[in-house]
Amino acid sequence: MSERAQFVTRLGAIAATVGSAVGLGNIWRFPYEAGVNGGGAFLLIYIGCVFLVGIPVIVSEFVIGRGTHKNVAGALKQLAPGTKWHWVSYMGIAASLMILSFYSVVCGWIVEYLFQAITGNLSGHSAGEYSAMFGGFVSHPWRPVLWTVLFLCINFWVLRRGIKRGIEKVSNFMMPILFLILLVFIVYALTLPGAADGLKFLFLPDFSQISPKVAIGAMGQAFFSLSIGLSCILTYASYFKDSDPLMRNATVVAVLDTLVALLSGIMIFPVVFSFGMQPEAGPKLVFEILPNIFQQLPGGYFWSVLFFLLLFFASITSTISMSEISISFFMEEHKMSRKKATSVNTGIALVFGSLCALSFGVLSDFTIFGKTLFDLFDYASSNIMLPLGGIFFAWFVGWYVDKRFLDDQLTNFGTSTVSVWRKPLMFCIRYFAPSVIIIIFLYGLGLFDALL
Ligand code: PFF
């Protein structure tokens, strides 16, 4: 049997996992969610969710992945032989392909904006023209498809190179650059007049803003941002070494992911406030408002290229991670070569990604359950499949897996001492996380709408 790939270094394993977690969810979705949900109050609950629900689910996925060194279906078959539990993996694989399809569309927009920024077309327009530009682009009959396809080809190229030469190398190289670019932006943003108002908005919680809806929004953001519930983190953990400390890695990933979200907020809100924009601008924030702001700054060309480059880096390390779920499944369960598995993954994403890319134009009237394909994939994966997967992984590790297996994983086969965090962690895995996730899930189904 050929030896299964592993991340070469502990740092590489962490960089790749952080690379998965850090993406559009942090840099684009977090500021927009925080903006819509009142800033500081949202942030407070978000951080609570990351640490009390997110870390337990990350550790659960780590335990299953690293403990078996298998793809998600293989792992569940090994740990629950003769049962139907591995069917849960099909939901994760389907969710990963759905997320990859619509996520690649937004990545395609980023490549288009990067291209426009490089060619100098992102400057010299009025605010209205930026809105029209974005609207015209996303509804164009083929341009969004072209960029989605191009993005998926780059994604394919990285994945084809495999774990060590592809994923680990790209992550090692890109994650530090990402931090660096964010820091440069922050230094600049903080020197703008009115920057303090942006910081106040983000960091001073207005407790009157706290509501079940804000709490649930923060929880959903934590799930998406940490890439949990669909076995993405599980798949990466299957490439960890037996000596990698799981609890510590989980904490590092959660802390760094939260840090990038915070840094994005610290970068974006001072700029938004300084230019008298509305923090509630929503998903358009990045594509319509920021180019307008960049052109007003000295060195605007440089800033806009840098910003979209940063978004590109952040998103490709996420798409390669979501692709790896199905690639490892095809390779190990269906005995495909890496090349073939990657081609199947990319082929599926090309078809559905192109259809999603047309959801804002030619196919905007094609709806299922009242949603365009793009919205449906987003809704069904994030609001239904992810929470269901999260409940499962926490429950599976908390109640089902063999106690010795769990001990071996949490203590690295007895080589590290049982940490003081073990008891609170197990409490969260067994009781707290599943109950809270059930609440999000019900909310995702719209069952609380009447109450909120
Ligand atoms: N965590 C990524 C982000 O914040 O953009 C999104 C993501 C990546 C979701 C990988 C799911 C996944 F499997």
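Counting starts at 1 for both ligands and their atoms, following the listed order.
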With the side chain counted from C-beta on, respond yes when [X] and [Y] share a heavy-atom pair under 4.5 Å apart, and no when they do not.
X	Y	answer
Phe392	Trp85	yes
Tyr236	Glu61	no
Ser323	Asn155	yes

Do [X] and ligand 1 have an N or O pair less than 3.5 Å apart?
X	result
Ser321	no
Phe224	yes
Ala21	yes
Ile325	no
Met322	no

Which of the atoms of ligand 1 are close to [X], meaning less than 4.0 Å from one of its heavy atoms?
X	answer
Asn26	4 (O)
Gly25	3 (C), 4 (O), 5 (O)
Leu24	5 (O)
Tyr103	2 (C), 3 (C), 5 (O), 6 (C)

Treating [X] as the side-chain partner and [Y] as the backbone partner, does any N or O pair qualify as donor plus acceptor under 3.5 Å?
X	Y	result
Ser231	Leu234	no
Ser337	Lys340	yes
Arg338	Leu159	yes

Item to check | Atom NZ of Lys241 with >12 non-hydrogen neighbours under 6.0 angstrom | outcome: yes
Checklist entry - With the threshold set at 4.0 Å, does a side-chain nitrogen-carboxylate oxygen contact exist between Glu332 and Lys70? => result no
Next on the checklist: Using heavy atoms and a 4.0 Å limit, tell me yes or no: is Ser96 in contact with ligand 1?
Outcome noted: no
Checklist entry - Heavy atom of Trp28 under 4.0 Å from ligand 1? => result no
Item to check | Nearest neighbour in protein (non-hydrogen) for atom 10 (C) of ligand 1 | outcome: Ser227 OG, 3.4 Å
Next on the checklist: Give me the nearest non-hydrogen protein atom to atom 11 (C) of ligand 1 as residue plus atom name, then the distance to 0.1 Å.
Outcome noted: Leu230 CD2, 3.8 Å
Checklist entry - Any chance the side chains of Tyr32 and Glu280 put a donor and an acceptor closer than 3.5 Å? => result no
